[in-house]
Asks: 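Here you go, one structure.
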Amino acid sequence: MSDNTLNIFEQKAEEMTATHIIPVTAVFTQTEGGFVSLDLDGKHYDRVKIVRLFPFSDADKYLSIREYEGDGKEIGIIEDLDLMSAEAKEVIKAQLTLCYFTPVISKIYSIKDEYGYAYFHVMTDKGECRFAINMGSNAVSKLSDTRLIIVDVDENRFEIRDVDALSQKEKRMLDLFL
Amino acid sequence: MNKDLKLKKTDIEKLGSLGIEESGILLSSPIDLSFSGEYIEGFIAVTADKVVVCTKEVPEGYLNIFGGVTVPDDIKYEELAITDTAVYEISELAHLRLDTYIGSNVLSASYKSVPTELAAFTNRYSSEMNVLFRKLKGFLKGEEITQDEENTDEAAEDIEEKKKKSKRSIFFRTLKYFLKYKLQIFVLFLTYLTSAALSIAWPYLTGKVLFDHVLEKDDVFLARFGLDGRYVLALGMVALTMIGVKVIQSVSNYFQVFFMAKVAAYTVRDIKTDVFDSMSGLSLNFFVNKQTGGLMTRVLSDSERVREFFIDGIPMIFVHGFTIIITFAVMYRLNWKMALIACILLPLLVYMTVKLRPGLWSLSGKRHRAEKAVTAKANDNLTGARVVKAFGQQDAEIVKFNHPSENLRDAEINIVRLRNKFTILYNMVQEVSSIWIWIVGVFFVMKTHEIELGVLITFVGYVMQLNAPMNFFSWVFRMWADSINSAERLFEIIDAIPEIREKENPVRLTQPRGEIELDNVTFGYRIGRPVLKNINLKVKEGEMLGIVGRSGAGKSTLVNLISRLYDVNEGSISIDGTCVKDLALSDLRRNVAMVSQDTYIFMGSVAKNIAYGNENATKADIIRAAKLASAHEFISKLPDGYDTIIGASGKDLSGGEKQRISIARAILADPKILILDEATASVDTETEKAIQHSLKYLVQGRTTLSIAHRLSTLSDADRLIVIDGGRIVEEGTWDELYAREGGIFHNLLDLQNKSLPRANESF
């Protein structure tokens with residue numbers, strides 16, 4: 001057995017278990033093609049993937065920055081987006097808005113349930129929407145007592161941030177899912 | 001829904017101005033997102049040399065319509081002006097990628113060597129875009145774009161289809177289940193009618209007849225029965241009739257309950273059987289997508305709800321309808337003025353029920369859900385008791401349990417509160433209305449002599465009796481809707497078309513040789529996410545093939561495809577030269593046995609578990625199989641030997657023991673093709689050696705596919721393949737693969753040898 005390969009594995013194991021924190025000095029820039037590139041410790045990444053590790057409970061903390069090509073190896077973790085440079089913050093936020101596209105429901109006009117499907121007519125921060133959910137599957141998940149994620153038949157996501165902020169009438173319509 | 005997939009006329013005109021003919025458009029798909037994450041309208045079109053992406057900003061108040069929703073008729077979409085057009089030369093495009101994010105997807109490519117976003121869209125267009133992506137990708141590689149008609153929009157069509165299935169057809173279809181028991185239903189109906197007729201007769205008998213004719217010594221009336229002058233006898237006759245009515249009512253009630261129970265039990269059984277039959281025919285996908293718990297409630301409570309309406313509801317519609325009409329008729333015949341006055345408060349009662357009941361329903365729905373949450377939490381805790389105790393979390397769990405528990409308490413209190421309010425109000429109005437009748441009636445009797453005492457008593461009886469039917473009609477519609485919904489859900493299962501279907505006139509596999517061939521197989525559990533990519537593999541008769549790869553590489557998926565638990569997306573799998581899709585499923589499953597990493601032990605004895613699917617096995621066969629699987633030793637040590645009850649309610653076996661039982665099961669099944677998916681993962685090294693030893697006999701004359709992380713398990717394999725990222729990356733004998741310095745297998749083996757130096761001394 002060659003010691004060489006063993007070293008490779010030792011190295012790999014170490015890499016797999018190590019946690020890298022991305023320093024606030026890391027440079028994130030918007031590329032010409034609309035992606036995010038990263039310069040870190042003299043290394044340049046053309047395009048990186050940004051993954052929220054706590055998309056619901058802490059959306060802007062603990063962002064995993066990953067290589068785009070191949071298996072998407074983790075480059076490191078941003079602990080707090082607010083501490084990054086203004087430019088980095090801006091490009092990362094823009095990217096996240098697109099990748100985590102989830103309209104937030106601000107008003108419910110109607111919910112009709114029929115034949116195992118519920119039809120929603122709502123106003124969101126992205127505009128007025130009508131969508132259908134399957135009542136048989138777990139289309140509405142409760143993140144907390146007052147926060148809901150609703151997944152339509154095509155797996156588009158909609159969010160209700162605070163059920164208590166809705167009117168009595170809207171709440172009554174939602175009752176079916178609370 | 002807003003799925004006008006064809007390009008609009010104005011869009012084509014716009015493309016025309018760019019020099020693109022309609023006939024030159026090879027592919028197109030709508031898109032609906034801007035890169036900044038706003039809804040837009042737009043499309044992407046592909047011609048022989050260009051890719052054009054047009055976007056149109058949407059105006060304020062624009063309504064976005066998603067999958068499964070039909071466009072309301074009153075909404076007109078105005079033509080939007082194209083605000084942005086991007087044209088890409090195909091010759092400069094490369095590395096097309098489609099990235100799926102949360103709720104959005106981005107199509108990107110490298111354009112003039114710069115990675116560039118081409119288009120973004122939500123999941124509503126993902127199937128269209130996936131087709132476009134796949135074909136465009138092939139086109140970039142130099143393949144032709146084929147214009148095959150693909151079923152791109154199954155989900156939407158499904159819903160459309162469902163809408164077409166009208167409530168009426170579901171109703172009649174459900175009715176059929178009950179009409180099977182014609183005689184019983186007929187008797188049931190008869191009893192309903194009898195009790196309705198008797199309940200109408202009763203107030204008349206106890207009021208008008210008793211008071212106005214008999215007690216008033218009305219000879220004209222009595223003469224009709226030949227009883228004029230014989231008042232005591234007449235009174236006796238009335239009393240007898242009253243007793244008779246009560247007796248008949250009781251007898252009819254007895255039959256009613258008897259037949260109802262019978263019909264109900266039978267029909268519920270029929271429905272459940274149908275559902276269960278169809279469920280067992282469904283492919284694995286169905287069960288993966290739906291929770292088992294949800295399915296259980298469907299089968300159990302939905303059939304119950306259907307029964308409720310059809311047995312308690314429908315006959316009662318007739319009976320109560322009949323009662324109401326006849327009662328009104330009789331009342332009007334007796335005295336129309338009195339009838340009008342008596343009924344004056346009835347609408348108020350009906351209004352009250354209609355108004356208050358929905359609140360009660362929504363509250364009881366809430367309580368039901370709270371109940372479910374409590375049960376789920378309790379269930380979670382009890383099954384996880386070991387972990388809870390190990391982490392010392394009892395107190396924390398008690399606190400966590402409090403929350404749903406309190407919710408349930410509140411829901412319960414709310415429902416009791418509303419119900420009380422409702423009942424008290426209702427009773428009050430009812431009392432008021434009966435007092436009202438008494439007051440007006442007494443006025444009529446005493447002052448105007450318009451009616452007599454008996455008529456008044458009859459009226460009071462009738463009005464009281466009208467309450468129940470009125471009430472019934474206020475909620476029967478709800479019952480109807482509920483029951484039809486339940487029936488619809490049941491039919492959804494009964495009608496579900498299994499994804500894995502046996503061909504008509506399938507090929508029988510009588511003398512299998514066990515040759516397996518995979519030709520260019522691509523498969524993914526979800527669209528656009530292939531787990532296996534272009535796998536080509538040939539396994540000879542009697543060969544033992546070892547499959548190596550990281551977890552998640554697609555090994556288990558590969559073997560699942562061979563026993564056709566799923567169907568391939570592209571390419572084909574054949575056994576003995578026949579495509580598995582053409583083979584009879586029973587033959588296929590009989591000849592392919594799988595021992596997988598998740599073993600399942602059924603409730604029953606050890607012997608029954610080993611002989612599962614092989615009822616004719618003799619005791620000697622079972623023991624031999626257990627011996628070969630190294631299970632005999634531990635089984636003989638069980639208190640009841642081979643008769644020990646194991647599984648959910650019986651003795652708990654260790655992971656390794658379960659695994660050995662499932663190996664014995666496969667050995668006994670004597671299949672031509674044996675699949676071992678981490679079959680020895682949870683047994684100790686010594687036992688594994690023993691099993692391997694017996695497997696040596698077992699695999700003789702059989703084609704064996706064996707997946708293992710522990711490479712030593714595969715030392716007897718004739719050939720090995722290494723799967724990585726859904727592709728076969730290395731292939732060859734043990735020695736050939738080990739000879740490849742830097743190869744995955746070589747590295748893995750080195751690593752395992754180093755970690756387990758002693759275990760490997762044997763080879």
Side-chain angles (χ1 to χ4, degrees), chain A residues 1-6 8-10 12-13 31-35 37 46-47 49 52 55 68 70-71 94 96-103 113-117 119-121 124 126-138 145 151-158 172 175-178, chain B residues 33-39 58 60-69 71-72 99 101-104 106 108 110-111 114-117 120 122-127 155-156 159 162-163 165 289-291 294 298 362 365-366 369 403 485 488-489 492 725 741-742 746-747 749-751 753-754:
Chain A
M1 101 184 57
S2 61
D3 280 335
N4 194 19
T5 49
L6 288 184
I8 292 174
F9 269 98
E10 288 288 335
K12 262 198 185 167
T31 67
E32 195 186 325
F35 301 109
S37 69
D46 264 349
R47 180 175 175 184
K49 272 193 230 178
R52 281 180 170 148
Y68 180 76
D71 287 343
L96 286 176
T97 320
L98 180 60
C99 294
Y100 288 84
F101 184 74
T102 311
D113 92 285
E114 206 177 61
Y115 292 121
Y117 291 88
Y119 299 89
F120 282 68
H121 181 194
T124 72
K126 303 287 180 191
E128 197 178 338
C129 295
R130 277 172 186 252
F131 59 91
I133 66 168
N134 189 339
M135 301 276 277
S137 59
N138 277 356
D145 272 349
V151 182
D152 88 340
V153 288
D154 289 330
E155 287 186 35
N156 289 309
R157 286 193 184 190
F158 296 88
R172 215 166 307 131
D175 244 0
L176 208 54
F177 310 101
L178 295 179
Chain B
L33 267 188
S34 71
F35 297 121
S36 54
E38 299 292 336
Y39 286 126
V58 295
E60 192 95 358
Y62 179 83
L63 176 62
N64 293 284
I65 299 215
F66 289 87
V69 182
V71 184
D99 290 292
Y101 299 111
I102 312 295
S104 68
V106 173
S108 65
S110 118
Y111 186 63
V114 179
T116 308
E117 290 173 325
T122 68
N123 291 330
R124 83 176 123 171
Y125 296 131
S126 59
S127 44
I159 299 175
K162 226 151 248 154
K163 285 208 151 173
K165 252 198 274 163
N289 288 338
K290 306 227 157 67
Q291 309 155 282
R298 274 205 201 186
S362 90
K366 226 177 198 172
R369 283 188 294 275
H403 184 63
N485 274 344
E488 206 268 336
R489 277 200 291 267
E492 190 187 304
E741 287 272 343
H746 179 97
N747 288 350
L749 191 61
D750 264 358
L751 186 69
N753 284 350
K754 190 208 167 196

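Proteins come first, then strands; the chains are lettered A, B, ... in the order of their sequence lines, and each starts at number 1.
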Asks: Under 3.5 Å, is there a donor-acceptor pair between the side chain of A:N134 and the main chain of A:V153?
Replies: no
Asks: Could you check which of B:V58, B:V114, B:L33 has the highest count of heavy-atom pairs closer than 4.5 Å to chain A?
Replies: B:L33
Asks: Sort out for me which of B:F35, B:Y101, B:Y111 touches chain A most, counting heavy-atom pairs under 4.5 Å.
Replies: B:Y101
Asks: Keeping B:Y39 on the side-chain end and A:C129 on the backbone end, is there a donor-acceptor pair under 3.5 Å?
Replies: no
Asks: Identify, with sequence neighbours excluded, every residue that meets side-chain hydrogen bond (donor to acceptor under 3.5 Å, both in side chains) alongside A:K49.
Replies: none
Asks: So for B:V106, is it side chain, backbone, both, or neither that comes closer than 4.5 Å to the heavy atoms of chain A?
Replies: side chain
Asks: Please flag which part of B:S110 lies under 4.5 Å from any non-hydrogen atom of chain A: side chain, backbone, both or neither.
Replies: neither
Asks: Can you say whether A:D152 sits under 4.5 Å from chain B via the side chain, the backbone, both, or neither, judging by heavy atoms?
Replies: side chain
Asks: List for me each residue that meets side-chain hydrogen bond (donor to acceptor under 3.5 Å, both in side chains) alongside A:D46, sequence neighbours excluded, and say none if there are none.
Replies: A:H44
Asks: With chain B as the partner, which of A:R157, A:H121, A:R172 has the greatest number of non-hydrogen pairs under 4.5 Å?
Replies: A:R157
Asks: Quick check on B:S36 against chain A: is it the side chain, the backbone, both or neither that has a heavy atom closer than 4.5 Å?
Replies: backbone
Asks: With a 4.5 angstrom heavy-atom cut-off, which part of A:Y68 approaches chain B: side chain, backbone, both or neither?
Replies: both
